[in-house]
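Below is one structure; the comments refer to it alone.
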Amino acid sequence: MATKNSRAAARWMVAPSVLLLFAWMIVPLVMTLYFSFQRYNLLSPDQSGFVGFDNYYYFLTNPAFFEALTNTLTLVLGVLAITIFGGIGLALLLDQPFWGQGIVRVLVIAPFFVMPTVSALVWKNMFMNPVNGMFAHIAKAMGLQPYDFLAHSPLASIILIVAWQWLPFSTLILLTALQSLDREQQEAAEMDGASVFARFAYLTIPHLTRAVTVVVLIQTIFLLSVFAEILVTTNGGPGTASTNISYLVYAQSLLNYDVGGGSAGGIIAVILANIVAFFVMRMIGKNLDA
Amino acid sequence: MARKVTQTRKRVVTVLAWSIGFLIFFPILWTVLMSFKSEGDAIKGPIDMLMAPWTLESYGEVQHRSNYGLHFWNSVIISLGSTLLALIIAIPAAWAMAFVPGKRTKDLLMWMLSTKMMPSVGVLIPMYLMFRDFGLLDTRTGLVAVLTLINLPIVVWMLYTYFKEIPGEILEAARMDGAGLRSEILYVLTPMAVPGIASTMLLNVILAWNEAFWTLQLTTSSAAPLTQFIASYSSPEGLFYAKLSAASTMAIAPILIMGWFSQKQLVRGLTFGAVK
Amino acid sequence: MGKITLRNVTKKFGDVAVIPSLDLDIEDGEFVVFVGPSGCGKSTLLRLIAGLEDTSGGVISIDGTDATDTPPAKRGLAMVFQSYALYPHMSVRKNIAFPLKMAGLAPSEIERKVDAAAKVLNLTSYLDRKPGQLSGGQRQRVAIGRAIVREPKAFLFDEPLSNLDAALRGNMRLEITELHQTLKTTMIYVTHDQVEAMTMADKIVVLQAGNIEQVGSPLDLYHKPANIFVAGFIGSPRMNLIEGADATSLGAKTIGVRPEHIDISMDRGTWTGRVSVTEHLGSDTFLHVSVDGIGSMTVRGGGDIAARHGDTVYLTPQADKTHRFGPDGRAL
């Protein structure tokens with residue numbers, strides 16, 4: 001298959017992708033690193049100089065940072081919890097025979113294809129708005145006070161919005177995994193006398209574990225950088241109640257014009273993401289062998 | 001496992017599944033419904049709103065008040081442009097990795113995927129500054145470049161998996177039949193890979209259309225795609241629910257339709273093969 | 001025209017020498033079969049000749065010219081793959097025409113040759129179908145058609161009949177043999193099935209672990225196996241191999257005698273044993289006999305042998321058909 005003649009050609013064909021991605025990875029990242037050691041504010045560009053780890057120090061000791069960190073973790077874990085448990089339930093449900101399976105599947109998948117900005121604004125205005133939103137109308141109809149979701153529970157509201165968007169993804173993955181369950185194995189277990197629950201516990205759940213791992217790892221990568229939803233709903237507020245690391249870096253760089261500080265934050269975000277990526281790559285690596 | 005499922009059970013499951021499906025889909029449904037109402041009716045209670053007369057005036061207003069067509073067109077250009085560019089770069093690479101694998105091919109592929117995991121904020125500043133200094137801010141060209149790069153790993157990966165499914169023997173047969181490299185790719189590989197390439201294109205267009213970080217950071221008005229345009233509704237003046245609904249419906253409709261066709265591709269492209 | 005020579009050909013995958021060092025001569029017009037157990041290197045050898053794999057050492061010559069570094073497209077050979085490797089998106093006509101198109105022939109010429117090949121292989125009514133619409137046997141013929149139409153110096157077949165059911169295999173075997181008689185082109189055929197080897201070959205190359213155990217005509221290999229491996233591989237059911245006193249009494253470490261060369265008697269013979277399993281084929285009967293002091297032996301009897309499970313039988317090997325092997329496994 002792979003002869004001398006084709007190997008040389010192959011190298012040329014891979015080169016553009018490799019070079020481009022390499023440049024994309026290294027060049028901006030190195031620049032960020034460089035800036036993170038500089039004092040550089042876009043409003044006063046003349047005042048610059050090497051400041052060592054000062055930017056990192058200020059970024060990390062900024063009380064907003066700690067809040068952003070916990071918010072990030074809360075967001076990720078919250079969305080994961082909803083999408084995993086919801087996803088398993090939905091997948092099990094959709095795996096059953098019933099009328100109109102195709103249509104229900106489409107209904108459930110749809111939110112994933114909606115632009116994040118649209119999702120966020122639809123939820124913010126049409127549902128969560130304390131004056132005109134649907135929840136407000138329902139509350140008033142029941143004689144209750146409308147609840148200002150985004151003002152009083154900003155992070156939780158955002159978790160809800162993001163979870164709504166990602167539930168289809170996890171459902172689809174878990175459903176695919178469910179449908180690849182070995183039917184013959186189930187039948188063999190049934191002949192061996194295993195009840196529905198036993199089969200679920202000993203066959204289905206272990207099989208799903210792998211898919212759940214995939215969902216967790218991949219979603220985490222994307223959830224760490226949730227941005228648009230925060231931008232258009234709460235702008236990180238009130239205060240920093242719904243700011244995550246991504247938004248904090250953005251705020252510092254482009255709203256406060258603090259390039260130095262923002263860069264330090266960016267590097268920290270990269271480090272955090274790398275930790276997760278390490279585990280994701282291990283998992284993927286196992287599959288490439290298969 | 002073709003056993004008799006009781007009718008009752010089927011009925012119960014049907015009701016349950018449809019209810020949940022409906023609930024999940026509801027926000028989208030509501031948005032579409034609201035887009036056909038006037039602003040005054042849009043903010044009324046749910047029942048009142050439903051009962052109100054249907055109208056296309058909100059669609060009209062969106063067209064007049066803002067240059068909706070421009071933003072829609074921007075989204076189209078950016079999605080298609082970055083997809084085509086990514087394909088041009090990725091097809092040769094995926095070919096090489098699938099058919100002439102070397103010792104390092106697997107590592108290379110993993111490294112490519114890992115670049116997708118870099119958080120965008122990590123390079124926000126240099127990208128913003130570079131774009132500013134090179135006059136690329138608020139240009140479609142700049143955006144196409146960025147989106148190509150962030151989606152390139154997925155495009156390469158998906159094409160790689162599709163190419164790997166092509167039986168190697170068929171390409172060997174082409175070689176034995178006297179086909180040089182160019183003929184092999186042109187007459188045998190590409191026709192067989194077309195379904196896979198189409199699927200990859202589909203997924204990539206969707207990902208690029210919905211991208212909501214770089215499109216928000218690097219554009220303001222003239223190159224702003226729909227993501228940015230809709231985001232401008234976050235601090236509006238006056239009544240805007242119906243207009244938002246109209247704008248949103250138009251923005252998401254194409255992708256919803258495409259998304260329906262691309263479920264399998266979604267699983268393949270975004271789980272990096274870990275789930276079959 | 002189709003003379004192929006291999007000298008000192010080696011092939012390594014990493015550190016593993018799949019083919020340590022091999023010499024072979026294939027004459028023009030011969031039907032040569034490479035046969036051996038799984039993993040013996042026969043397919044690898046075929047692919048080396050085709051140019052689909054690079055050699056790690058040695059020289060491959062085609063008609064006197066060194067072809068070791070020539071790419072497969074330029075060697076003038078045609079290959080029929082085990083999975084047929086038809087182009088699924090092209091019609092049968094386009095499949096067969098493809099090599100001619102690659103060679104740059106004029107369309108009218110191409111059409112003439114395709115029609116001729118289709119006629120020979122009974123494919124004329126299928127020319128406009130796609131491979132997906134054909135049966136296994138039809139696809140096989142299209143693969144052969146695609147090879148024939150190139151008028152190559154030699155045909156290479158890589159286990160072409162493995163994917164067909166038994167009845168079809170028998171028919172296709174005949175067709176390929178007839179094809180060889182018509183075209184008179186060199187054919188190199190790889191199979192693990194020694195029945196195919198015996199029935200189709202002019203010359204058989206028996207391979208094990210990358211080494212040639214013996215080269216010869218089918219009857220040569222049957223009557224004069226060079227070593228125990230070949231003796232046990234050729235012939236079905238397998239030759240009975242016996243060590244111990246029976247062997248040393250004839251001056252050998254091991255003796256071998258084929259099931260069809262043992263006489264069965266109900267009252268006297270060299271060996272005594274009890275029948276464990278009988279296999280009735282109608283034309284023959286194979287008895288598996290548990291022989292005192294030796295173990296299990298297979299014996300062929302006529303279709304009407306009356307022996308049954310548990311019966312005692314007496315077996316006598318035909319002296320002139322008994323093979324003797326020395327301590328190194330080679331024939332004496």
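A note on names: the letters A, B, ... follow the listed sequences, proteins ahead of strands, and every chain is numbered from 1.
With a threshold of 4.5 angstrom between heavy atoms, B:M258 does not approach chain A through any atom at all. Only the side chain of A:W164 comes within contact range of chain B, judged by heavy atoms closer than 4.5 Å. For B:L16, the parts lying near chain A are the backbone and the side chain together; criterion is any non-hydrogen pair under 4.5 Å. Interface remark: B:L108 contributes side-chain atoms only to the contact with chain A (heavy atom separation under 4.5 Å). Contact of A:L167 with chain B is made through the side chain alone, with heavy-atom distances under 4.5 Å. Using a 4.5 Å cut-off between heavy atoms, B:R104 does not touch chain A at all. There is no contact between A:L33 and chain B, counting heavy-atom distances below 4.5 Å. Heavy atoms closer than 4.5 Å to chain B are found nowhere in A:V131, neither backbone nor side chain. Neither the backbone nor the side chain of B:F229 has a heavy atom closer than 4.5 Å to any heavy atom of chain A. Using a 4.5 Å cut-off between heavy atoms, A:F127 touches chain B through its side chain atoms alone. For chain B, no part of A:W12 is nearby; none of its heavy atoms comes within less than 4.5 Å. Only the side chain of B:Q217 comes within contact range of chain A, with at least one heavy atom under 4.5 Å from a heavy atom of that chain. Neither the backbone nor the side chain of A:I245 comes within less than 4.5 Å of any heavy atom of chain B. Only the side chain of B:L129 comes within contact range of chain A, with at least one heavy atom under 4.5 Å from a heavy atom of that chain. Of the two parts of B:W30, only the side chain, counted from C-beta on, holds a non-hydrogen atom closer than 4.5 Å to a non-hydrogen atom of chain A. Residue B:I89 touches chain A through both its backbone and its side chain, counting heavy-atom pairs closer than 4.5 Å. Only the side chain of A:F169 has a heavy atom closer than 4.5 Å to any heavy atom of chain B. Of the two parts of A:L21, the backbone and the side chain both hold a non-hydrogen atom closer than 4.5 Å to a non-hydrogen atom of chain B. Heavy atoms closer than 4.5 Å to chain B are found in the side chain of A:I109, but not in its backbone. When heavy atoms are compared at a cutoff of 4.5 Å, B:I255 approaches chain A by way of both its backbone and its side chain. Of the atoms belonging to A:K140, not a single heavy atom falls under 4.5 Å from chain B.
Most heavy-atom pairs under 4.5 Å with chain B, from the set A:R105, A:E229, A:Q101: that is A:R105. Note: A:M126 leads A:M126, A:E184, A:Q96, A:K124 in heavy-atom pairs under 4.5 Å with chain B. Put simply, of A:V106, A:T117, A:L90, A:V30, the one with the most heavy-atom pairs under 4.5 Å next to chain B is A:T117. When each of B:T115, B:T148, B:V156 is scored by its heavy-atom pairs under 4.5 Å with chain A, the top score falls to B:T115. In terms of heavy-atom pairs under 4.5 angstrom with chain B, the leader among A:A136, A:P116, A:A141, A:P16 is A:P116. Each of A:A110, A:S36, A:A273 has some count of heavy-atom pairs under 4.5 Å with chain B, and the biggest count is that of A:A110. The candidate from B:Q228, B:E211, B:M127 with the greatest count of non-hydrogen atom pairs under 4.5 Å with chain A is B:M127. Ranked by heavy-atom pairs shorter than 4.5 Å toward chain A, the options B:I28, B:L124, B:L256 are led by B:I28. Interface check for chain B: of the options A:W99, A:Y247, A:F227, the most heavy-atom pairs under 4.5 Å are formed by A:W99. Put simply, of B:L216, B:T14, B:V123, the one with the most heavy-atom pairs under 4.5 Å next to chain A is B:T14. Interface summary for chain A: among B:P119, B:A90, B:A86, B:A96, the most heavy-atom pairs under 4.5 angstrom belong to B:P119.
Heavy atoms only, all atoms of each residue included: B:I24 and A:V108 are closest at CG2-O, 4.1 Å. The minimum heavy-atom distance linking B:I125 with A:G262 is given by the pair CD1-C, 3.5 Å. Taking both residues in full, the closest heavy atoms of A:W123 and B:P27 are given as CZ2-CG, 3.8 Å, listed atom of the first, atom of the second, then distance. Residues A:L107 and B:G21 approach most closely at CB-O, 3.8 Å, considering heavy atoms. When all heavy atoms of B:I252 and A:M115 are compared, the pair lying nearest together is CG2-N, 4.1 Å. Across all non-hydrogen atoms, the minimal contact from A:V270 to B:G122 is CG2-CA, 3.7 Å.
Put simply, the side chain of A:M134 reaches to within 4.5 Å of the side chain of B:F26, judged on heavy atoms. Taking the side chain as every heavy atom from C-beta outward, A:N129 and B:Y241 approach each other to under 4.5 Å. Contact check for B:M117 versus A:F278: no side-chain heavy atoms found under the 4.5 Å cut-off. By the 4.5 Å heavy-atom criterion applied to side chains, B:L149 and A:L20 are counted as neighbours. Side-chain contact between A:N125 and B:F240 is present, with at least one heavy-atom pair separated by less than 4.5 Å. Looking at A:M13 and B:I91, their side chains never come closer than 4.5 Å, going by heavy atoms from C-beta outward.
Summarising the geometry, atom CZ belonging to B:R9 is positioned 12.0 Å from atom CZ belonging to A:F98; distances are rounded to the nearest 0.5 Å. In this structure, OG on B:S120 lies 11.5 Å from CG on A:L224, to the nearest 0.5 angstrom. Here A:L231 contributes atom CG and B:F213 contributes atom CZ; the two are 10.0 Å apart, rounded to the nearest 0.5 Å.
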TODO: Please test B:I257 against A:F113 for side chain to side chain contact (heavy atoms under 4.5 Å, CB included), starting from the C-alpha separation and ending with a verdict.
DONE: CA-CA 9 Å; B:I257 297 172; A:F113 296 106; over 6 Å; no

Open item on the list: Using side chain to side chain contact (heavy atoms under 4.5 Å, CB included), reason through B:M112 and A:V18 one step at a time and then give a plain yes or no.
Closed with: CA-CA 8 Å; B:M112 283 195 187; A:V18 173; 3.9 Å; yes

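Surrounding OH of A:Y257 are at most 12 heavy atoms belonging to other residues, nucleotides or ligands under 6.0 Å away. For A:I103, the CD1 atom counts as loosely surrounded, since its 6.0 Å shell holds 12 or fewer non-hydrogen atoms of other residues, nucleotides or ligands.
Relative ring orientation between A:F22 and B:W111 is described as tilted, the plane-to-plane angle lying within the 30° to 60° band.
Listed for the B:W18 side chain is no donor-acceptor partner under 3.5 Å among the backbone atoms of A:V104.
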